[in-house]
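Have a look at the structure below before the remarks.
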Amino acid sequence: MSLPSKVKIVEVGPRDGLQNEKETIPADIKIALVNQLTAAGFVNIEAASFVSPKWVPQMATSSEVMAAITRKPGVIYSALVPNMKGLEAALAANADEMVIFGSASEAFSQKNINCSIAESIERFREVALMAKQAGKRLRGSISCAFGCPYQGEVDVAAVVDVLKRLHDLGCDEIDIADTIGVGTPNKVQTVMQKLTQEFPIERLSGHFHDTYGQALANIYASLEVGISIYHSSVAGLGGCPYAKGATGNVATEDVLYMMNGLGIATGIDLDKVVDAGQFISTHLGRKAVSRAGNAIAAKRVIDN
Ligand SMILES: CC(C)(COP(=O)([O-])OP(=O)([O-])OC[C@H]1O[C@@H](n2cnc3c(N)ncnc32)[C@H](O)[C@@H]1OP(=O)([O-])[O-])[C@@H](O)C(=O)NCCC(=O)NCCSC(=O)C[C@@](C)(O)CC(=O)[O-]
């Protein structure tokens, strides 16, 4: 099968990337980051998370961030919503897309959202209904699709089961997440192929963390299956607070560099993403976790 000629990259750095940072990041830094990413050309940015601030303190400024970002018409600014309280806050903040997030692993579901998979689906039912009634896009996310930090192996049947349930709830898009980055290309292809039999391929996305250095290979493997939506995080920021040791998402700069090399259109300006990556890394006081981003930044210094 030939690779897709264009892909959608969902930038998740402002949410997935920053949620795990220990030091509180001022809202104005988050706002500046989202604005830089908007200027870089992303059509979908995960900008906020309306979860309990006791569980994830870093996301407590989400309303402030959503109120102050400069929104570009046509760009989808997404927010995580675990329950009705989260949905109400996300609606008040005028998020464009609500993300309900479940898991294919019972153990992870309990650790992350304090309920079983079945309970989470019941909780999402009203959220999904109200989100749709409010005219919002609805996205579903399935954590631990390739392995779990608590229970280890995750059966593909469990992923299919959650996918079907999220489909039934009316999700416009469903994310297949490698929360702890343990997937490898053959396994990723097997799982993705199976899922494409259950849900429209053009609405399935790959959300790969790079803990074991497999994320780009897994994206390529998914491209071969025909998946055309990928999540990534500027500067490779991130990690999940409920998956200890998991590193960030695959770095956006690395994904864009690969897509550019493959001649796959993204509509995103890599140089501007490198700027955004350097901006947030400078604020965090550490080097970006992006091979391409750092190489481009270093070359700029040499060329000047
Ligand atoms: C789901 C809950 C809330 C259940 O948490 P709980 O403690 O079972 O909830 P509760 O209903 O019993 O409420 C307890 C307290 O939280 C408050 N509360 C309740 N809900 C909200 C809300 N929405 N916003 C603000 N506050 C809220 C509620 O009002 C109450 O406050 P209190 O009376 O004690 O003062 C909690 O477990 C939670 O917030 N979990 C979120 C964990 C999280 O954000 N994890 C990271 C995101 S998932 C991820 O990164 C994976 C992903 C998506 O990227 C894909 C991948 O890579 O795998």
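For ligands, and for the atoms within them, numbers begin at 1 and follow the listed sequence. No hydrogens, no waters, no symmetry mates; every other heavy atom, side chains included, goes into these values.
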- Message: Quiz question: by atom type and distance under 3.5 Å, do the side chains of Tyr77 and Thr38 form a donor-acceptor pair?
- Response: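 Tyr77 vs Thr38: donor-acceptor pair found between side chains.
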- Can a donor-acceptor pair be found between the side chains of Lys299 and Asn294 at a distance below 3.5 Å?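 Judged by distance alone, the side chains do not pair up.
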[X] neighbourhood, listing ligand 1 atoms whose heavy-atom distance to it stays under 4.0 Å:
X	value
Ser143	51 (C), 55 (C), 56 (C), 58 (O)
Phe50	22 (C), 23 (N), 24 (N)
Ala177	55 (C), 56 (C), 57 (O), 58 (O)
Gly86	23 (N)
His207	54 (O), 55 (C), 56 (C), 57 (O)
Leu80	47 (C)
Asp16	50 (O), 54 (O)
Asn114	6 (P), 7 (O), 8 (O)

Backbone, side chain, both or neither: what part of [X] comes under 4.0 angstrom of ligand 1, heavy atoms only?
X	result
Thr179	both
Val56	side chain
Arg123	side chain
Lys54	side chain
Arg15	side chain

Is the shortest side-chain N to carboxylate O distance from [X] to [Y] below 4.0 Å?
X	Y	answer
Glu88	Lys85	no
Arg286	Glu21	yes
Arg165	Asp161	yes

- Message: Counting only heavy atoms, tell me which of Gly238, Pro82, Ser105, Ser103 gets closest to atom 1 (C) of ligand 1.
- Response: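 Considering heavy atoms of Gly238, Pro82, Ser105, Ser103, the nearest to atom 1 (C) of ligand 1 sits in Pro82.
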- Would you tell me which option among Asn112, Asp175, Asn83, Val12 has the nearest heavy-atom contact to atom 3 (C) of ligand 1?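 Closest candidate by heavy-atom distance is Asn83.
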- Item | Pro53 heavy atom under 4.0 Å from ligand 1 |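 True for this residue.
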Does [X] reach ligand 1 with a nitrogen or oxygen that is under 3.5 Å from one of the ligand's nitrogen or oxygen atoms?
X	answer
Ser52	yes
Ser49	no
Cys144	no

- Query: In Å, rounded to the nearest 0.5 Å, how long is the span from OG of Ser143 to NE2 of His209?
  - Reply: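 Result: 7.5 Å between the selected atoms.
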- Item | Interatomic spacing from OG in Ser228 to NZ in Lys6 - rounded to 0.5 Å |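 One finds 9.0 Å between OG of Ser228 and NZ of Lys6.
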- Query: Asp96 side chain to Ser78 main-chain N or O, any donor-acceptor pair under 3.5 Å?
  - Reply: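 No: the side chain of Asp96 does not pair with the backbone of Ser78.
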Any [X] side-chain heavy atom under 4.5 Å of [Y] side chain:
X	Y	answer
Thr247	Ile180	no
Phe42	Ile268	yes
Arg291	Val289	no

- Message: Assigning hydrophobic clusters by single linkage (Ile, Leu, Val, Met, Phe, Trp, Tyr; side-chain heavy-atom cutoff under 4.5 Å), is Ile76 placed with Val127?
- Response: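 Different clusters: Ile76 never reaches Val127 through Ile, Leu, Val, Met, Phe, Trp or Tyr contacts under 4.5 Å.
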